[in-house]
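The block underneath contains the structure these notes are about, expressed in structure tokens.
Nothing here was measured: the structure is a model prediction, and the numbers come from that model.
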Amino acid sequence: MVVETVTVQITIDIDKELGLVTEGLLPAFKLIEESLGVSVSFRGDKLFIQGEKAHVKKAEELIEELRQVNRQGYILKGEDIKEAVRARAAGGNGHKTPLDDLFTGHIEVPSRKRLIIPKTDVQREYIEAIKTHDMVFGIGPAGTGKTYLAMAVAVSALLKKEVSRIVLARPAVEAGEKLGFLPGDIAEKVNPYLRPLYDALFDMMETEKAMRFIEKGTIEVAPLAFMRGRTLNDAFVILDEAQNTTSEQMKMYLTRLGYNSKTVITGDVTQIDLPYGRVSGLIEAERILKGIRDIKVVYFTEKDVVRHKLVQEILKAYERYEKRKTKA
């Protein structure tokens with residue numbers, strides 16, 4: 001069978017698009033070549049794509065979409081383009097939504113970096129769900145942005161005065177290791193369990209500003225046990241690591257929601273650290289609340305992982321191992 005090889009030439013407007021090429025496309029050439037099976041080169045104001053006709057067409061479409069995003073004023077970086085290429089290479093997750101919808105569907109926060117954008121279709125669906133529903137479950141593996149994106153929407157809502165405070169909660173469960181006695185007062189004892197929430201928060205805004213909000217109680221980071229007996233009005237509440245809640249804790253948490261409040265519950269059902277025999281409150285709630293129309297559940301997969309590319313491969317390997325173990 002003879003494979004038709006073609007070369008496509010794209011003319012770049014040097015005055016308007018040089019930044020896109022130098023900041024984004026040039027660092028991503030190797031990834032485009034590996035993922036789409038083409039050869040990409042840049043000479044003068046010409047971009048050349050060579051390879052099998054179908055693959056060249058995909059690469060051309062991707063680059064044209066990126067150019068369109070660039071024209072709309074979004075400053076693309078190399079990492080953005082890498083995520084776009086990964087989305088295209090992933091197949092199903094990458095083809096449903098135009099790239100300009102992904103990149104321009106950003107969340108406005110005073111990040112020290114830049115605008116926070118959804119990198120996959122599922123992330124975009126998740127952000128839309130949070131904006132349109134008062135209760136959203138984000139379920140899937142680590143590294144898919146479940147907590148980070150929820151935090152970004154929460155911070156944005158706070159700064160726009162859509163809510164008057166943010167409450168971040170997490171069950172204080174040890175991840176498979178016994179830490180023993182922890183010194184200090186109650187805040188110092190629970191701080192190691194809440195550190196990931198602080199990390200995400202400090203990535204959204206300057207540390208000093210975040211600390212002022214925390215000191216005033218505008219942003220509260222607390223272990224889940226501290227939610228008992230409270231009613232949370234005019235608040236954006238995030239429950240992280242919800243797979244480690246018990247049935248009783250989850251029911252308690254879900255009934256804390258007050259007026260003009262919304263909550264996002266995140267968890268990974270493959271990483272439950274509860275004692276043997278205890279039912280995960282997240283798994284139970286997913287089953288019990290299934291028929292309630294105004295509750296949205298968004299499922300992430302390894303294709304939505306936006307950490308190092310090895311993380312996706314590791315998750316796939318564990319998934320294959322678990323399947324083999326189940327069959328045995």
> Between Met211 and Phe202, does a side chain to side chain contact (heavy atoms under 4.5 Å, CB included) hold up when you go through it step by step?
Replying inline: CA-CA 9 Å; Met211 290 307 298; Phe202 294 150; 3.7 Å; yes
> Please walk me through it: do Ile139 and Lys146 pass side chain to side chain contact (heavy atoms under 4.5 Å, CB included)?
Replying inline: CA-CA 8 Å; Ile139 300 175; Lys146 304 183 299 296; 5.8 Å; no
>> What verdict does the side chain to side chain contact (heavy atoms under 4.5 Å, CB included) test give for Leu289 and Val297, after you've listed the backbone C-alpha separation in whole Å, the side-chain angles of each residue and the deciding distance to 0.1 Å?
In response: CA-CA 10 Å; Leu289 305 177; Val297 181; over 6 Å; no
> Would Val167 and Ile238 satisfy side chain to side chain contact (heavy atoms under 4.5 Å, CB included), going step by step from the backbone distance to the final call?
Replying inline: CA-CA 6 Å; Val167 180; Ile238 299 173; over 6 Å; no
>> Walk me through whether Arg228 and Glu248 qualify under salt bridge (Lys or Arg N to Asp or Glu O under 4.0 Å).
In response: CA-CA 11 Å; Arg228 190 172 297 279; Glu248 297 80 11; over 6 Å; no
>> side chain to side chain donor-acceptor pair (under 3.5 Å) for Glu125 and Gln123? Distances and angles first, verdict last.
In response: CA-CA 5 Å; Glu125 177 193 352; Gln123 287 192 350; over 6 Å; no
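Between the side chain of Lys290 and the main chain of Ala285, no donor-acceptor pair closer than 3.5 Å is present. In terms of modelled atom types and a separation under 3.5 Å, the side chain of Asn244 and the main chain of Asp273 share a donor-acceptor contact. Checking side-chain atoms of Arg124 against main-chain N and O of Thr120 turns up no donor-acceptor pair under 3.5 Å. Without hydrogens or angle criteria, Asp234 side chain to Val163 main chain gives no donor-acceptor distance under 3.5 Å. Using modelled atom types, no side-chain atom of Thr266 and backbone atom of Gly138 make a donor-acceptor pair closer than 3.5 Å. Formation of a donor-acceptor pair under 3.5 Å by the Glu33 side chain with backbone atoms of Val40 is found in this model. Distance alone, capped at 3.5 Å, is enough to place a donor-acceptor pair between the Ser261 side chain and the Leu232 backbone. Between the side chain of Gln243 and the backbone N or O of Asp268 there is at least one donor-acceptor pair closer than 3.5 Å.
Counting heavy atoms from C-beta on, the side chains of Leu224 and Met252 come closer than 4.5 Å. At a threshold of 4.5 Å between non-hydrogen side-chain atoms, the residues Ile219 and Leu201 count as touching. A 4.5 Å side-chain heavy-atom check between Pro171 and Leu239 finds at least one atom pair inside the cut-off. In this structure, the side chains of Ile265 and Asp240 stay at 4.5 Å or more apart for every pair of heavy atoms. For the pair Ile283/Arg287, a side-chain contact is recorded, criterion being any heavy-atom separation below 4.5 Å from C-beta on. No side-chain heavy atom of Leu168 sits under 4.5 Å from any side-chain heavy atom of Tyr198.
Transitive grouping of hydrophobic side chains (ILVMFWY, heavy atoms separated by less than 4.5 Å) keeps Ile272 and Val279 in distinct clusters. Cluster membership for Ile292 and Tyr299, using ILVMFWY side-chain heavy atoms within less than 4.5 angstrom, is shared.
Remark: Arg43 qualifies as a cation-pi partner of Phe48 under the 6.0 Å distance and 45° angle criteria applied to the six-membered ring.
Ala129 and Lys296 get closest at one heavy-atom pair: CB-CG, 3.6 Å. For the residue pair Val56 and Gly51, the shortest heavy atom distance occurs at CG2-N, 3.3 Å. When all heavy atoms of Lys262 and Thr132 are compared, the pair lying nearest together is NZ-N, 4.3 Å. Phe236 and Ala157 get closest at one heavy-atom pair: CD1-CB, 4.3 Å. Shortest non-hydrogen contact noted between Met227 and Glu220 is CE-OE2, 4.4 Å. The two atoms that bring Leu274 and Ser280 nearest to each other are CD1-CA, 3.8 Å, heavy atoms only.
The local environment of OH in Tyr318 is sparse, with at most 12 non-hydrogen atoms from other residues, nucleotides or ligands closer than 6.0 Å. More than 12 heavy atoms of other shown residues, nucleotides or ligands fall within 6.0 angstrom of atom CZ in Arg230. Heavy-atom neighbours of Lys251 NZ from other residues, nucleotides or ligands within 6.0 Å: at or below the threshold of 12.
Atoms CE and CD1, on Met204 and Ile166 in that order, are 9.5 Å from each other to the nearest 0.5 Å. Put simply, CG on Asp134 and CG on Asn260 are 8.5 Å apart, with the number rounded to the nearest 0.5 Å. Note that CG of Asp199 and CE of Met151 are 9.0 Å apart. Values are rounded to the nearest 0.5 Å. We find the CE-CD1 distance between Met135 and Ile130 to be 13.0 Å, quoted to the nearest 0.5 Å. From Thr255, atom OG1 reaches atom CE of Met250 across 11.0 Å, with rounding to the nearest 0.5 Å. Of the inter-residue distances, the one linking Thr263 atom OG1 with His133 atom NE2 reads 14.0 Å to the nearest 0.5 angstrom.
Lys57 is linked by a salt bridge (charged side-chain N to carboxylate O under 4.0 Å, His left out) to Glu61, counting only residues two or more places apart in sequence or in another chain. Taking Glu286 as the reference, nothing meets the salt bridge (charged side-chain N to carboxylate O under 4.0 Å, His left out) condition, with sequence neighbours excluded.
Side-chain rings of Phe300 and Tyr126 approach one another, their centers coming within less than 6.0 Å.
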